[in-house]
Amino acid sequence: MEGGNGPDLQLQQLPLATAAVSVLPHEDPYSYKENLIGALLAIFGHLVISIALNLQKYSHIRLAGSRDPRAYFRTKTWWCGLFFLLLGELGVFSSYAFAPLSLIVPLSAVSVIASAIIGIIFIKEKWKPKDFLRRYVLSFVGCGLAVVGTYLLITFGPNSHEMMTGDNITKHLVSWPFLLYMLVEIILFCLLLYFYKRKNANYIVVILLLVALLGSMTVVTVKAIAGMIVVSIQGSLQLGYPIFYIMLVCMVATAVFQARFLTQASQLYDSSQIASIGYILSTATAITAGATFYLDFTGEDVLHICMFALGCLIAFLGVFLITRNKKKSIPFEPYISMDAMPGMQNVHDKGIAVQPDLKASFSYGALENNDSMAEIYTPATLPIVQEEHGSKGVSALPYRVLEHSKKE
């Protein structure tokens with residue numbers, strides 16, 4: 001009996017072994033197709049978002065440089081930018097339903113590349129070839145590195161796929177790897193929030209790490225919601241599961257708190273620093289969250305994981321070089337030009353300087369000292385009107401300063 005049953009058992013085990021091999025990563029061509037669709041949607045979305053933000057910025061600049069009394073939301077350019085912004089966000093949102101979380105998140109470097117290219121093409125100032133190479137060589141190198149990193153991310157990204165049903169998401173939510181990750185993240189978030197609020201640790205790394213920890217939960221919930229919507233469209237309704245609405249509430253709450261911390265960071269630090277450091281921290285934490293919640297790298301071989309990590313590092317370096325080359329915004333520090341006032345040229349004729357020396361320190365009164373400032377603005381002048389004096393016996397000021405009205 002044993003000898004007769006042996007071949008039957010081998011024949012029965014053969015289909016099981018074949019099925020086990022078919023679910024391994026990088027074996028199913030359909031999974032490659034889903035990865036490609038998700039990556040293209042993410043690239044398209046980030047590209048359109050970058051164009052939309054530049055359109056809205058262009059609308060604000062045009063209104064600020066003209067006497068147009070209209071508000072920014074009454075211009076066609078701003079509404080066009082808002083439309084493209086919503087379209088880009090929809091593309092990024094849809095990409096999470098097709099490709100793994102760890103593959104989609106690093107592709108946000110595309111928006112940085114697009115912003116750098118748009119800024120170089122539409123720059124208004126005149127430059128010489130030598131000045132152009134010296135100023136923008138880092139941007140070109142950074143764009144090249146970011147493109148190479150993006151290619152490696154798409155080629156060697158994780159290839160794990162599963163149906164985003166309510167039951168599967170619930171199982172992932174109560175799995176011990178994700179519960180352990182959540183415990184560590186909550187402890188770290190509370191410690192950072194304590195130092196930020198109580199100890200006034202307003203360091204850029206502290207603020208952006210708070211944003212990144214919240215962002216890791218945002219992308220986890222976004223993928224769950226997008227996946228359940230796609231499954232519902234395919235015919236298996238998932239909107240009746242309570243986990244869908246739990247994820248929806250978590251997505252909105254974490255996104256709102258992210259916006260608050262980013263607003264506080266933008267008031268303290270330069271936007272280029274926020275872009276580079278925020279991209280690195282947010283990508284690292286989001287990949288970690290995807291690896292623990294959705295088990296993105298389960299079954300991946302060491303070579304693909306190492307090449308994916310190399311692509312992330314190259315993309316990080318590219319984004320850092322692009323944002324490193326951006327000019328820092330110089331705050332305007334106004335003072336009155338005494339040379340424009342009649343009768344004031346000879347008042348200080350004993351060698352006492354009225355205005356600060358532009359070649360040395362640029363501090364004036366209670367203003368902040370900016371010795372390291374590379375560019376100095378031209379002194380601001382106030383409009384002067386000479387007054388005719390009716391009587392010779394009455395002394396009057398030789399000048400009168402007009403106050404600008406609010407409308408001007």
(request) State, yes or no, whether a side-chain contact exists between Phe178 and Ser175 at a heavy-atom distance under 4.5 Å. (result) yes
(message) Distance check, rounded to the nearest 0.5 Å: Tyr58 atom OH versus Leu63 atom CG?
(response) 10.5 Å
(message) Please report the interatomic distance CE(Met307) to CG(Leu153), rounded to the nearest 0.5 Å.
(response) 10.5 Å
(message) Are there over 12 heavy-atom neighbours, none belonging to Phe257, within less than 6.0 Å of that residue's CZ?
(response) no
(message) Could you measure the distance from the CZ atom of Phe84 to the CG atom of Leu47? Nearest 0.5 Å is fine.
(response) 10.5 Å
(message) Main chain of Leu152, side chain of Thr155: is a donor-acceptor contact present, judged purely on distance under 3.5 Å?
(response) no
(request) Check whether any side-chain heavy atom of Val92 lies under 4.5 Å from a side-chain heavy atom of Leu41, and answer yes or no. (result) no
(message) If you define the side chain from C-beta out and look only at heavy atoms, does anything of Met182 sit under 4.5 Å from Met217?
(response) yes
(request) For Ser50 and Ser115, indicate whether the former's side chain and the latter's backbone hold a donor-acceptor pair under 3.5 Å. (result) yes
(request) For residues Ile204 and Ile274, report the shortest heavy-atom separation together with the two atoms involved. (result) CD1-N, 4.1 Å
(request) Determine whether Ser94 and Leu90 make a side-chain contact, defined as any pair of heavy atoms from C-beta on separated by less than 4.5 Å. (result) yes
(message) When you compare the side chain of Leu268 with that of Ile207, does any pair of heavy atoms fall below 4.5 Å?
(response) yes
(request) Give, for atom OG of Ser59 and atom CG of Asn54, the distance between the pair rounded to the nearest 0.5 Å. (result) 12.5 Å
(request) Can you measure from CD1 (Ile243) to CG (Asp167) and round to the nearest 0.5 angstrom? (result) 10.5 Å
(request) Take Ile118 and Ile51, measure what side-chain contact (heavy atoms from CB on, under 4.5 Å) needs, and give me the verdict at the end. (result) CA-CA 8 Å; Ile118 293 173; Ile51 296 174; 4.0 Å; yes
(message) With a 4.5 Å cut-off on side-chain heavy atoms, are Val319 and Ile280 touching?
(response) no
(request) For Cys143 and Ile117, work out which heavy atoms get closest and say how close. (result) SG-CG1, 4.4 Å
(message) Please enumerate all residues that pass side-chain contact (heavy atoms from CB on, under 4.5 Å) together with Ile187, with sequence neighbours excluded.
(response) Leu183, Leu191
Which atom pairs, one a donor and one an acceptor, fall under 3.5 Å between side chains of residues 284-294 and the rest of the protein, sequence neighbours left out?
| unit_1 | atom_1 | unit_2 | atom_2 | d |
| --- | --- | --- | --- | --- |
| Thr285 | OG1 | Ala212 | O | 3.2 |
| Thr285 | OG1 | Leu281 | O | 2.9 |
| Thr285 | OG1 | Ser282 | O | 3.1 |
| Thr288 | OG1 | Ala284 | O | 2.9 |
| Thr292 | OG1 | Thr288 | O | 3.1 |
| Thr292 | OG1 | Ala289 | O | 3.0 |
| Tyr294 | OH | Val220 | O | 2.7 |
| Tyr294 | OH | Ala224 | N | 3.2 |

(request) Assess the pair Phe297 and Phe308: is the distance between their ring centroids shorter than 6.0 Å? (result) yes
(request) Kindly give the heavy-atom pair with the smallest separation between Met247 and Ile169, and that separation in Å. (result) CE-CG2, 3.7 Å
(message) Strictly distance-based, threshold 3.5 Å: is any side-chain N or O of Ser276 a donor or acceptor partner for the main-chain N or O of Ser272?
(response) yes
(request) Verify whether one side chain among Glu89 and His46 offers a donor that lies under 3.5 Å from an acceptor in the other. (result) no
When the side chains of residues 225-232 are checked against the rest of the protein, which donor-acceptor pairs come out under 3.5 Å, sequence neighbours left out?
| unit_1 | atom_1 | unit_2 | atom_2 | d |
| --- | --- | --- | --- | --- |
| Ser232 | OG | Met228 | O | 2.8 |
| Ser232 | OG | Gln238 | N | 2.9 |

(request) List the atom of Leu55, the atom of Thr77, and the distance in Å for their closest heavy-atom pair. (result) O-CG2, 3.5 Å
(request) Grab the two heavy atoms, one from Pro158 and one from Pro100, that are nearest each other, plus how far apart they are. (result) O-CG, 3.2 Å
(message) Checking side-chain polar atoms at under 3.5 Å, does His304 have a donor or acceptor matched by the opposite partner on Asn159?
(response) no
(message) Using a 3.5 Å distance criterion without hydrogens, assess whether the side chain of Asp296 forms a donor-acceptor pair with backbone atoms of Ser102.
(response) yes
(message) Under a 3.5 Å threshold, yes or no: a donor from one side chain and an acceptor from the other, between Ser216 and Glu185?
(response) yes
(request) Quick one: closest heavy-atom pair of Ile314 and Leu145, and the distance? (result) CG2-O, 3.0 Å
(message) When you compare the side chain of Tyr245 with that of Leu239, does any pair of heavy atoms fall below 4.5 Å?
(response) yes
(message) Within the structure provided, determine whether Tyr203 and Tyr196 are in side-chain contact (heavy-atom separation under 4.5 Å).
(response) no
(message) Main chain of Met163, side chain of Asn168: is a donor-acceptor contact present, judged purely on distance under 3.5 Å?
(response) yes
(request) Tell me, with the steps shown, if Phe189 and Leu214 meet side-chain contact (heavy atoms from CB on, under 4.5 Å). (result) CA-CA 9 Å; Phe189 183 85; Leu214 291 171; 3.8 Å; yes
(message) Quick one, Gln273 with Thr323, criterion side-chain hydrogen bond (donor to acceptor under 3.5 Å, both in side chains). Give me CA distance, side-chain angles, the key distance, then yes/no.
(response) CA-CA 7 Å; Gln273 295 178 339; Thr323 55; over 6 Å; no
(request) Report the distance from atom NZ of Lys197 to atom CG of Asn200, rounding to the nearest 0.5 Å. (result) 10.0 Å
(message) Assess, by modelled atom type and distance only, whether the side chains of Gln264 and Tyr269 contain a donor and an acceptor separated by less than 3.5 Å.
(response) no
(message) Quick one: does any side-chain atom of Tyr279 pair with a main-chain N or O of Pro106 as donor and acceptor, under 3.5 Å?
(response) yes
(request) In sequence, state the C-alpha distance, the side-chain angles, and the governing distance for Ile246 and Tyr241, and then conclude on side-chain contact (heavy atoms from CB on, under 4.5 Å). (result) CA-CA 9 Å; Ile246 294 175; Tyr241 287 88; over 6 Å; no
